[in-house]
Protein chains: 2
Amino acid sequence: MTKTDLTAPSSAPVAAQPPPEDADERILKAAGKLFREKGFAATTVREIASAANMLPGSLHYRYASKDDVLLALMNRAVKRAMSAVRTAIGDVKDPVEKVRLALRAHLELLCNGDDSLYVLLFDWRSLPAGAREGVERERGRYESFWDGMLYEAHGSGRARPVLDIELVRHFGFGAINWVATWYRPGGERTPGQIADTFFAYLAYGLIHEPSRPKDLDTHFAAVMAASLKGQG
Amino acid sequence: MTKTDLTAPSSAPVAAQPPPEDADERILKAAGKLFREKGFAATTVREIASAANMLPGSLHYRYASKDDVLLALMNRAVKRAMSAVRTAIGDVKDPVEKVRLALRAHLELLCNGDDSLYVLLFDWRSLPAGAREGVERERGRYESFWDGMLYEAHGSGRARPVLDIELVRHFGFGAINWVATWYRPGGERTPGQIADTFFAYLAYGLIHEPSRPKDLDTHFAAVMAASLKGQG
DNA sequence: ATCGGTCTTGGTCATGCGGCCAAACCTGCC
DNA sequence: GGCAGGTTTGGCCGCATGACCAAGACCGAT
């Protein structure tokens with residue numbers, strides 16, 4: 001497979017003509033794809049190297065261990081997610097609209113972007129215990145960033161008065177992140193459309209207005225009271 | 001570790017006094033726990049055997065391969081989920097209430113029950129290609145069962161007229177299943193409370209009534225139209 | 001008391017893994 | 001045009017893995 005590549009650029013003799021710093025990128029991209037498809041533990045260093053078009057030794061030169069590759073990939077995922085969301089909301093002021101745009105950006109990155117975000121979310125267990133703390137901190141910052149947006153939206157007065165922001169974040173993240181388990185590119189819905197639909201579900205609910213209890217604020221307060229501390 | 005077990009029952013010489021059919025159960029239980037904690041590929045047959053209090057050879061007697069253990073575990077997960085939900089709804093007639101109870105049952109099994117459901121949901125990639133079809137069929141039946149409940153609830157007239165049932169299921173499953181990634185037993189919310197809160201979010205939405213657009217049915221129809229076929 | 005079949009034991013085997021390295025290589029700088 | 005470093009090469013090593021099995025222990029039936 002490595003030697004029979006007839007589509008290689010003309011008479012390339014042996015090695016080292018692709019751009020130098022691109023090698024790291026190739027490794028992470030290949031690793032992301034493989035980790036996503038088969039999981040971290042089921043992927044071998046040789047496979048990553050081969051997919052990145054290099055020999056195992058070369059990979060070892062950049063990353064001392066397989067764990068290091070995963071670590072770098074996850075850190076990159078947080079960085080990209082954060083920056084994608086920041087870019088998406090731009091200078092929009094409406095705090096509810098910001099949440100919608102952020103949701104779109106997150107889902108689009110997860111579905112169309114590279115695989116690092118998927119690996120961050122779904123291969124969490126593979127991270128060696130020692131490295132977990134660092135990634136956890138970065139991931140925590142991303143989640144706090146979301147909490148900030150949600151607090152803002154909540155503070156705007158347009159959300160229900162009684163809400164548990166952390167639970168809301170978990171709820172939304174779950175719905176959105178789970179898309180990665182069933183979404184297939186080329187389906188009849190784009191990630192942006194899925195995100196908008198989910199946002200509408202989240203914002204307005206699935207029960208038809210005529211069929212709702214009269215005082216939903218009271219209803220929510222009751223449910224939330226049962227949900228906080230104490231088993232009722 | 002195997003030989004220094006001083007707490008063994010008195011003078012037990014070598015083998016074979018635990019109940020006979022319990023061995024399978026011990027294997028699946030141990031495997032579920034380990035697969036959940038470390039993932040399928042990162043778990044060794046020896047670890048499973050040791051956790052099930054037997055030697056690797058004994059495990060091999062019951063299951064020809066590690067894949068077989070995973071397969072049995074996953075099939076059991078679908079069976080248990082289906083039966084847990086069926087039991088939970090009992091003979092309740094209200095189709096919306098049925099969904100709430102089903103949600104509770106699913107989440108309680110995922111959080112408090114054995115680990116097989118978690119493995120089914122999160123270690124999907126580890127299933128060998130050959131065995132995938134069978135599990136997929138069973139899992140599909142569970143999902144169809146949910147779709148049936150959702151259709152019923154939708155047909156009752158209490159849900160919004162324009163909804164994509166499959167998308168709704170994905171949405172709810174995502175929110176609920178994701179709980180398994182952050183829930184820790186002994187926290188301040190029980191699975192049942194989380195499920196009820198999530199159901200309230202889902203049913204009634206997070207935006208406060210006074211701040212909603214006037215005609216939400218039209219709003220939803222527009223979002224859904226954009227979400228089905230065509231990129232708009 | 002003995003027997004037959006079910007189940008467990010404790011170890012072996014080939015395979016493929018992650019980690020590693022010394023030598024060759026290429027490229028830009030003096 | 002030669003030199004110094006960063007980079008790649010291709011293969012090696014010790015080890016843990018999944019799969020497997022022959023021998024024996026146990027138990028209920030006779």
Between [N] atom [atom2] and [X] atom [atom1], what is the distance in whole Å?
{"X": "B:Arg62", "N": "C:dC7", "atom1": "CZ", "atom2": "P", "answer": "6 Å"}
{"X": "A:Asn53", "N": "D:dT8", "atom1": "CG", "atom2": "P", "answer": "12 Å"}
{"X": "B:Tyr61", "N": "C:dT8", "atom1": "OH", "atom2": "P", "answer": "8 Å"}
{"X": "B:Ile48", "N": "D:dG18", "atom1": "CD1", "atom2": "P", "answer": "8 Å"}
{"X": "B:Leu59", "N": "C:dG11", "atom1": "CG", "atom2": "P", "answer": "18 Å"}
{"X": "B:Ile27", "N": "C:dC7", "atom1": "CD1", "atom2": "P", "answer": "12 Å"}
{"X": "B:Leu55", "N": "C:dT8", "atom1": "CG", "atom2": "C1'", "answer": "7 Å"}
{"X": "A:Lys38", "N": "C:dG16", "atom1": "NZ", "atom2": "C1'", "answer": "12 Å"}

Can you list the residues that meet the side-chain contact (heavy atoms from CB on, under 4.5 Å) rule with [X], with sequence neighbours excluded?
{"X": "B:Leu101", "value": "B:Ile89, B:Val92, B:Glu97"}
{"X": "A:Ser144", "value": "none"}
{"X": "B:Glu37", "value": "B:Lys33, B:Leu34"}
{"X": "B:Glu136", "value": "B:Trp124, B:Arg132"}

Any A:Ser58 side-chain N or O less than 4.0 Å from OP1/OP2 of D:dT7: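 Checking D:dT7 against A:Ser58, no side-chain N or O comes under 4.0 Å of OP1 or OP2.
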Charged tip of B:Arg86 within 45° of B:Phe145 ring normal and under 6.0 Å: yes
Partner set under side-chain hydrogen bond (donor to acceptor under 3.5 Å, both in side chains) for A:Glu166, not counting sequence neighbours: none
Atom pairs under 3.5 Å, N or O on each side, protein against nucleotides 17-20 of chain C: can you list them with distances?
{"from": "C:dG18", "atom 1": "OP1", "to": "A:Thr43", "atom 2": "O", "distance (Å)": "3.4"}
{"from": "C:dG18", "atom 1": "OP1", "to": "A:Lys66", "atom 2": "NZ", "distance (Å)": "3.1"}
{"from": "C:dG18", "atom 1": "OP2", "to": "A:Val45", "atom 2": "N", "distance (Å)": "2.9"}
{"from": "C:dG18", "atom 1": "N7", "to": "A:Arg46", "atom 2": "NH1", "distance (Å)": "2.8"}
{"from": "C:dG18", "atom 1": "O6", "to": "A:Arg46", "atom 2": "NH2", "distance (Å)": "3.0"}
{"from": "C:dG19", "atom 1": "OP2", "to": "A:Lys66", "atom 2": "N", "distance (Å)": "2.9"}

